[in-house]
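Following: one structure in structure tokens, then a few remarks.
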Amino acid sequence: MNAVKTVEAALFPPLDRIEPFDVLPEQFEQQNIVGFRNADTRARPFKLLRSQIVRQMEERDIKLIGVTSAAPNVGKTFVASNMAAALSRIADFDVYLIDLDLHRPAVASRFAMDPEGWGIHDFLSGEQPDMSQIARRINEERLVVVPGYKRDVATGELLTSAAGTQLFESLRALPKNSVVITDMPPIFADDDAVIIGQHLDGFVLVVEDGKTTRKQVQETIRLLSPTPFMGAVLNRYRSQLFADEYGYGFAYGYGGYY
């Protein structure tokens, strides 16, 4: 088993050997990527979220974390990208951000990547089996992004293929100081999120004030069970989300972004 994991881990080169991708400060600003900025007050919610995530990682041996939502357009990719950026600022933490929202990939645009490049779809389909041609290290940060680009493909079949199995096994076999953030599709889009959830150690749910309902939250947790629910992030906060005590871990408001 250890020999197999060593082979699978080779899918990703060591972080310092992954080709860097330069993103300018103004591009981060345009895409609302603030998680790298320790002194920026806009990064505070993500530093708080980071602390909660790290605590749970240490307590429960968590490595692969999904970020999902009940419905689209509630800020899922925004939260996943900034959470990954904030985590990468912790000393000796290597962070991998994987875009697995295969129908509506959006991580690449958050990091100003070329929309014509190789993406995770191409690895899963066998078009580009060399992950070193897909994964990119952002600037000199300890963050590796595996982007996705829209393709006309059967996503469920790709995720359950041999390449899909190899991907999750190789992510699991990354060095101990690694954490993987997967930008998942919305839970009710199709069965992709359920397939992905089976490979994860936990997931974070992004909810929107005035849009996400109690029933949607409950159904999301039920559908992804037994994958542990790590907490909810409240985006576009305008008022109290629920009238009573909801009790699902952390919830942060971050108004105005998407």
Side-chain angles (χ1 to χ4, degrees), residues 45-46 48-84 86-87 97-107 148 155-156 159-160 164 168 171 179-258:
F46 299 106
L48 293 171
L49 176 59
R50 174 181 68 189
S51 298
Q52 295 288 332
I53 294 292
V54 170
R55 177 179 60 80
Q56 294 197 46
M57 287 174 60
E58 293 172 347
E59 291 176 353
R60 298 158 59 184
D61 193 26
I62 289 173
K63 186 174 192 174
L64 273 64
I65 301 170
V67 179
T68 190
S69 59
N73 302 317
V74 299
K76 172 179 60 65
T77 302
F78 164 71
V79 170
S81 299
N82 277 292
M83 187 169 82
L87 282 165
L97 175 61
I98 318 294
D99 194 341
L100 289 180
D101 190 348
L102 301 182
H103 287 294
R104 300 179 62 180
V107 169
T155 57
L159 290 167
T160 55
F168 288 112
L171 292 171
V179 57
V180 178
I181 307 297
T182 61
D183 185 15
M184 302 167 63
I187 189 67
F188 297 120
D190 52 28
D191 63 346
D192 285 7
V194 175
I195 294 170
I196 295 165
Q198 296 170 357
H199 298 277
L200 304 179
D201 300 318
F203 72 95
V204 172
L205 178 62
V206 179
V207 299
E208 181 179 346
D209 180 24
K211 182 174 182 178
T212 306
T213 67
R214 171 193 289 271
K215 183 173 179 58
Q216 286 177 329
V217 172
Q218 292 172 330
E219 283 296 294
T220 297
I221 295 170
R222 183 186 68 81
L223 288 169
L224 289 177
S225 177
T227 304
F229 172 55
M230 299 177 67
V233 176
L234 176 57
N235 193 35
R236 297 183 180 133
Y237 179 74
R238 290 179 290 273
S239 60
Q240 185 175 349
L241 180 64
F242 300 112
D244 58 353
E245 183 68 25
Y246 206 74
Y248 277 129
F250 48 85
Y252 301 113
Y254 207 91
Y257 291 104
Y258 52 89

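Since the model is a prediction, treat every value here as computed from it, not as a measurement.
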To the nearest 0.5 Å, what is the distance between [atom1] ([X]) and [atom2] ([Y])?
{"X": "Asn82", "Y": "Arg50", "atom1": "CG", "atom2": "CZ", "result": "12.0 Å"}
{"X": "Gln218", "Y": "Arg222", "atom1": "CD", "atom2": "CZ", "result": "10.5 Å"}
{"X": "Phe203", "Y": "Thr68", "atom1": "CZ", "atom2": "OG1", "result": "8.0 Å"}
{"X": "Asp183", "Y": "Ile196", "atom1": "CG", "atom2": "CD1", "result": "9.0 Å"}

Output yes when a side-chain donor or acceptor of Gln56 lies under 3.5 Å from a complementary backbone atom of Met230, and no otherwise.
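The answer is yes, because a donor-acceptor pair under 3.5 Å joins these two groups.
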Under a 3.5 Å distance rule, please check whether Thr227 uses its side chain to pair with a backbone N or O of Gly197 as donor and acceptor.
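Indeed, once roles are kept as given, a pair shorter than 3.5 Å links the two residues.
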I'd like to check [X] versus [Y] (side-chain heavy atoms, cut-off strictly below 4.5 Å). Are they in contact?
{"X": "Thr182", "Y": "Leu64", "result": "no"}
{"X": "Leu100", "Y": "Phe168", "result": "yes"}
{"X": "Pro72", "Y": "Arg104", "result": "yes"}
{"X": "Asp61", "Y": "Asp201", "result": "no"}
{"X": "Pro186", "Y": "Val74", "result": "no"}
{"X": "Ile53", "Y": "Val204", "result": "yes"}
{"X": "Leu224", "Y": "Leu200", "result": "no"}
{"X": "Glu58", "Y": "Val54", "result": "yes"}

Identify the two heavy atoms, one from [X] and one from [Y], that lie closest to each other, and give their separation to 0.1 Å.
{"X": "Thr220", "Y": "Ala70", "answer": "OG1-CB, 3.9 Å"}
{"X": "Asp192", "Y": "Pro185", "answer": "CB-CG, 3.6 Å"}
{"X": "Lys76", "Y": "Asp101", "answer": "NZ-OD2, 3.1 Å"}
{"X": "Val67", "Y": "Met83", "answer": "CG2-CE, 3.5 Å"}
{"X": "Ile187", "Y": "Ala193", "answer": "CD1-CB, 3.7 Å"}
{"X": "Arg60", "Y": "Pro228", "answer": "NH2-CB, 2.6 Å"}

Evaluation steps, side chain to side chain contact (heavy atoms under 4.5 Å, CB included), between Leu223 and Phe188
CA-CA 9 Å; Leu223 288 169; Phe188 297 120; 3.6 Å; yes
Derivation and outcome, side chain to side chain contact (heavy atoms under 4.5 Å, CB included), residues His199 and Leu171
CA-CA 10 Å; His199 298 277; Leu171 292 171; over 6 Å; no
